[in-house]
There are 2 protein chains.
Amino acid sequence: MPSWLLGQTAQHAGRLVVDGFSSVGARGYHYRVLATLEDFGPASQATLGRRSGIHLSDMVATVNELAELAFVERAADPADRRRNVISLTKAGKRQLRRLENRLAASQDELLAPLSPEERASLTGLLATLLDHHNRRAGIPEERWR
Amino acid sequence: MPSWLLGQTAQHAGRLVVDGFSSVGARGYHYRVLATLEDFGPASQATLGRRSGIHLSDMVATVNELAELAFVERAADPADRRRNVISLTKAGKRQLRRLENRLAASQDELLAPLSPEERASLTGLLATLLDHHNRRAGIPEERWR
DNA sequence: AGCGAATCGTTCGGTCGACCAACGATCATG
DNA sequence: CATGATCGTTGGTCGACCGAACGATTCGCT
């Protein structure tokens, strides 16, 4: 029963990752937003949400928290007064490095019992699944703004 | 980044499974308790919790709900008056069958893009991971009661 | 130019899974 | 018998996810 396996494994993985993040005072949404910002550059909150898969309403709180910590900057978009342009600060980049380190550590712990070939195989299979389900869920290849 | 992949894939999987369950008016804990009951037989709530990985306090509500629906029976244990002995009813077994069907359907949808060999490979890798982390998290080996 | 539709940010609320603290009742062991 | 453990229960926290509603703004079409 792969669903059970996937679920249980994901629970372990999630616990590892969450613990790693919380040891730096962050949570999952923080990493996802910071990483998305670095990968795609500054963007509006709605666009950020689409790219990272975070609900618009949750994005508000997340950006509030990150801005409070000065990891992110919220500026009015002169070209569209509905929009806030969110951008990564120096401190935000440093935090992102910290979170990536934690993530790598969690990763090593999670995949400890697997050989390099097995790790590659697992990654490939998961990527196939993810690609398929992202595609059918309509992720529009985001390059907007 | 396997953690990201695992997490995202698990999210898709979780959505599929949860949607499947909720279409029969159930949630994850219901399936886990019913399945554990069938696999191990009647048991106290605490034992059920250990076997299914559900917190004792959450078990209360879950058993309440299942008993309300007559999927499960709560009887006082004559040998230990602290305990409730929970057992599966006929209707509970039928519900379990329904949930298993939904689960199988979710499974098919999840693994659609994978060949049979790939499915086996994925299952094996996940089982390895799960086994390892279960082991290191303390194996109860539950056969009590 | 103007009007209706769509988008953006925001607030509120709700579900679900996981977990913790406390408490009375009961049992087990010294 | 006293002390400590276990069981069921209540009530609360937290994070991730989702939906409804609303004012402000912009877009698209005629």
Side-chain angles (χ1 to χ4, degrees), chain A residues 4 6-8 10-23 25-33 43-67 72 74-86 137 140 144-145, chain B residues 4 6-8 10-23 25-33 43-67 72 74-86 137 140 144-145:
Chain A
W4 176 273
L6 228 191
Q8 293 291 108
Q11 189 179 335
H12 282 290
R15 213 190 48 77
L16 287 172
V17 170
V18 163
D19 287 358
F21 283 170
S22 76
S23 77
R27 56 197 187 94
Y29 279 5
H30 292 185
Y31 169 73
R32 284 162 67 177
V33 167
S44 72
Q45 297 181 194
T47 302
L48 265 182
R50 272 176 241 118
R51 306 221 248 237
S52 59
I54 296 178
H55 202 283
L56 240 178
S57 60
D58 299 317
M59 185 59 70
V60 176
T62 305
V63 171
N64 282 345
E65 291 162 15
L66 290 174
V72 123
R74 199 192 236 128
D77 185 341
D80 186 338
R81 284 186 304 179
R82 291 171 306 177
R83 287 178 179 151
N84 295 330
V85 177
I86 312 299
W144 237 96
R145 271 238 133 212
Chain B
W4 176 271
L6 228 191
Q8 294 290 108
Q11 190 179 336
H12 282 290
R15 213 188 45 75
L16 288 173
V17 171
V18 164
D19 287 356
F21 282 169
S22 77
S23 76
R27 55 198 188 96
Y29 279 5
H30 292 186
Y31 170 73
R32 284 162 67 178
V33 168
S44 72
Q45 297 181 194
T47 302
L48 265 181
R50 272 176 241 118
R51 306 220 249 239
S52 59
I54 296 178
H55 204 280
L56 239 177
S57 59
D58 300 317
M59 186 58 70
V60 176
T62 306
V63 171
N64 283 344
E65 291 161 15
L66 290 175
V72 122
R74 202 191 235 129
D77 185 341
D80 186 339
R81 285 186 303 180
R82 292 171 304 178
R83 286 175 178 153
N84 295 330
V85 177
I86 312 300
W144 237 96
R145 272 237 134 216

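Per chain, numbering begins at 1; letters A, B, ... match sequence-line order.
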Colleague: How long is the line joining CG of Asp19(A) and P of dG15(D), in whole Å?
Modeller: 13 Å
Colleague: Within this structure, what is the CE-to-C1' distance between Met59(A) and dG15(D), rounded to whole angstrom?
Modeller: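 Spelled out: CE on Met59(A) to C1' on dG15(D) is 15 Å.
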Colleague: Would you kindly give the OH-to-P distance between Tyr31(B) and dG17(C), to the nearest whole Å?
Modeller: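 Rounding to the nearest Å, OH of Tyr31(B) and P of dG17(C) are 14 Å apart.
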Colleague: Considering only side-chain heavy atoms of Arg74(B), which listed nucleotide, dC7(D), dT9(D), dA18(C), is closest?
Modeller: dT9(D)
Colleague: Does Gln45(A) put a side-chain nitrogen or oxygen below 4.0 Å from OP1 or OP2 of dT10(C)?
Modeller: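 Affirmative; the distance criterion is met.
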Colleague: Work out which heavy atom in Arg32(A) is nearest to a heavy atom in Ser52(A); give both atom names and the distance.
Modeller: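 Shortest heavy-atom contact: NH2-O, 2.9 Å.
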Colleague: Determine whether Val33(B) and Met59(B) satisfy the following criterion, side chain to side chain contact (heavy atoms under 4.5 Å, CB included), listing intermediate values before the conclusion.
Modeller: CA-CA 9 Å; Val33(B) 168; Met59(B) 186 58 70; 3.8 Å; yes
Colleague: Expressed as a whole number of angstroms, how long is the span from His30(A):NE2 to dC14(D):C1'?
Modeller: 13 Å
Colleague: With the side chain of Val60(B) defined as its heavy atoms from C-beta on, choose the nearest nucleotide among dA18(C), dC17(D), dT10(D).
Modeller: dT10(D)
Colleague: Would you compute the distance between atom CD of Gln45(B) and atom CD1 of Ile86(B) and round it to the nearest 0.5 angstrom?
Modeller: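 If I round to the nearest 0.5 Å, the distance is 4.5 Å.
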Colleague: Of the options dG19(D), dG9(C), dG8(D), whose atoms approach the side-chain atoms of Ser44(B) most closely?
Modeller: dG8(D)
Colleague: Take atom CG of Leu48(A) and atom P of dT10(C), then tell me their distance rounded to the nearest Å.
Modeller: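 Interatomic distance, CG of Leu48(A) to P of dT10(C): 12 Å.
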Colleague: Tell me: CZ of Arg15(B) to C1' of dC17(D), nearest whole Å?
Modeller: 11 Å
Colleague: Given Arg74(B) and Leu66(B), is the side chain to side chain contact (heavy atoms under 4.5 Å, CB included) satisfied, shown in steps?
Modeller: CA-CA 10 Å; Arg74(B) 202 191 235 129; Leu66(B) 290 175; over 6 Å; no
Colleague: Out of dA16(D), dA18(C), dC17(D), which has the shortest distance to the side chain of Arg27(A)?
Modeller: dA16(D)
Colleague: Starting at atom CD1 of Ile54(A), determine the distance to atom P of dG19(D), rounded to an integer number of angstrom.
Modeller: 16 Å
Colleague: With nearest nucleotide decided by heavy atoms, which residue, Asn64(B) or Val18(A), maps closer to the 5′ end of DNA chain D?
Modeller: Asn64(B)
Colleague: Output the distance between atom OH (Tyr29(A)) and atom CD (Glu65(A)), rounded to the nearest 0.5 Å.
Modeller: 11.0 Å
Colleague: Any idea which of dA18(C), dG9(C), dC12(C) is nearest the Ser57(A) side chain?
Modeller: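 Of dA18(C), dG9(C), dC12(C), dC12(C) is nearest to the side chain of Ser57(A).
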Colleague: Would you please test Arg27(A) and Thr62(A) for side chain to side chain contact (heavy atoms under 4.5 Å, CB included) and show each step?
Modeller: CA-CA 10 Å; Arg27(A) 56 197 187 94; Thr62(A) 305; 3.9 Å; yes
Colleague: Would you kindly check whether a donor in the side chain of His55(A) faces an acceptor in the base of dG19(D), or vice versa, at under 3.5 angstrom?
Modeller: yes
Colleague: Rounded to the Å, how far apart are Tyr29(A) OH and dC14(D) C1'?
Modeller: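 The distance from OH of Tyr29(A) to C1' of dC14(D) comes to 13 Å, rounded to the nearest Å.
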Colleague: NA contact type, Leu56(B), heavy-atom cut-off 4.0 Å: base, sugar-phosphate, or nothing?
Modeller: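 Base, at least one base heavy atom under 4.0 Å.
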Colleague: Between N or O atoms, less than 3.5 Å apart, protein on one side and nucleotides 23-27 of chain C on the other: list the pairs.
Modeller:
| from | atom 1 | to | atom 2 | distance (Å) |
| --- | --- | --- | --- | --- |
| dT26(C) | O2 | Arg82(B) | NH1 | 3.4 |
| dC27(C) | OP1 | Arg81(B) | N | 2.8 |

Colleague: Less than 4.0 angstrom between a side-chain N/O of Arg50(A) and OP1 or OP2 of dC8(C), yes or no?
Modeller: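 Yes, Arg50(A) has a side-chain N/O under 4.0 Å of OP1/OP2 on dC8(C).
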Colleague: Looking only at non-hydrogen atoms, find the nearest pair between Ala43(B) and Arg51(B) and report the distance.
Modeller: CB-NH2, 3.4 Å
Colleague: Phosphate oxygens OP1/OP2 of dC17(D): is one of them under 4.0 Å from a side-chain N or O of Gln11(B)?
Modeller: yes
Colleague: With a 4.0 Å cut-off on heavy atoms, is Asp58(B) in touch with a base, just the backbone sugar-phosphate, or nothing at all?
Modeller: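 Counting heavy atoms under 4.0 Å across all strands, the contact made by Asp58(B) includes a base.
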